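Keep in mind that this is a model prediction, so the values were computed, not measured. Computation of the quantities below employed the complete heavy-atom set of this structure, encompassing side-chain atoms and omitting hydrogens, waters and symmetry-equivalent molecules.
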Amino acid sequence: MDTITSTSASLTLSLRAVPIRTISSSISLTSSLLFPRSHSSSRHRLYSEKRRFSNFPSTVPKFTVSCGITEINESQFKETVLESERPVLVEFVATWCGPCRLITPAMEALAKEYEDILTVVKIDHDANPELIKEYKVYGLPSVILFKNGQEVPGSRKEGAITKAKLKDHVDVLLESISVT
């Protein structure tokens, strides 16, 4: 049986009919491994590395949820969705949600195609926690159709969806509520 031991962690390897050996090692990372050797002092190396990367943004740019579709918040929800005379398709999204970004073009195309009979709005998940709690939005993106201030039964769809499937889903819903 072989035994290998390091100073940072312990690892034991078992093999049959092999004599025991112990190997110890330690690795230290010095500034010479982290920075090029062309600089003379450690302080100068740190300064030049900081200067080299200072052109990069310190924060990651955020995806914005407002695009061709109107973005609303909790205070606008009652007037825009619940009191609307026409059906309203509400999309719950978040800035950090990859699938939300995937369906954005499909939602925008759907909003243009159905602009005469349907209103399409977006709600930012993180900025509107009360709506998320009230409508029990557990997955993102979530799409819910509202008619006469009520959620249309069976209208809730969660996750990324293709434009064709989204269009089929909305067509069935609009037909069920007699709006085609």
Please determine whether side chain to side chain contact (heavy atoms under 4.5 Å, CB included) holds for the pair I69 and E108, giving the CA-CA distance in whole Å, both sets of side-chain angles, and the decisive distance to 0.1 Å. CA-CA 6 Å; I69 300 171; E108 289 178 350; 4.1 Å; yes

Show your reasoning for whether side chain to side chain contact (heavy atoms under 4.5 Å, CB included) applies to I123 and F77. CA-CA 9 Å; I123 296 177; F77 186 79; 3.6 Å; yes

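Rounding to the nearest 0.5 angstrom, the gap separating the CG atom in L118 from the CG atom in L89 is 5.5 Å. For the atom pair CD of E71 and NZ of K122, the computed distance is 8.0 Å after rounding to the nearest 0.5 Å. Between the NZ atom of K165 and the NE2 atom of H169 there is a distance of 12.5 Å, given to the nearest 0.5 Å. Put simply, CG on L145 and CG on L174 are 6.0 Å apart, with the number rounded to the nearest 0.5 Å. L131 contributes atom CG, which lies 7.5 Å from atom CD1 of I72 (distance to the nearest 0.5 angstrom). To the nearest 0.5 Å, the span separating CD1 on I103 from CD1 on I161 amounts to 8.0 Å.
In this structure a side-chain-to-backbone donor-acceptor pair under 3.5 Å is missing from S84 to V81. Q76 places a side-chain N or O within 3.5 Å of a backbone atom of N73 that can act as its donor or acceptor partner. Between the side chain of T119 and the backbone N or O of E115 there is no donor-acceptor pair closer than 3.5 Å. Side chain of N128 to backbone of E74: a donor-acceptor contact under 3.5 angstrom is found.
Ring planes of F92 and Y135: tilted class, angle from 30 to 60°.
Inter-residue side-chain proximity for L166 and M107 is flagged as met; some heavy-atom pair is nearer than 4.5 Å. Using a 4.5 Å heavy-atom threshold, the side chains of W96 and D126 count as touching. At a threshold of 4.5 Å between non-hydrogen side-chain atoms, the residues P87 and I177 count as touching.
Using a 4.5 Å cut-off between side-chain heavy atoms of Ile, Leu, Val, Met, Phe, Trp and Tyr, with links allowed through other members, V170 and I117 fall into the same hydrophobic cluster. Follow the hydrophobic side-chain contacts under 4.5 Å out from V121 and you reach L82 in the same cluster.
Considering all non-hydrogen atoms of both residues, P141 and A160 come closest at CD-N, 4.1 Å.
Applying the side-chain hydrogen bond (donor to acceptor under 3.5 Å, both in side chains) rule to pairs touching residues 145-162 yields E151-R156, sequence neighbours excluded.
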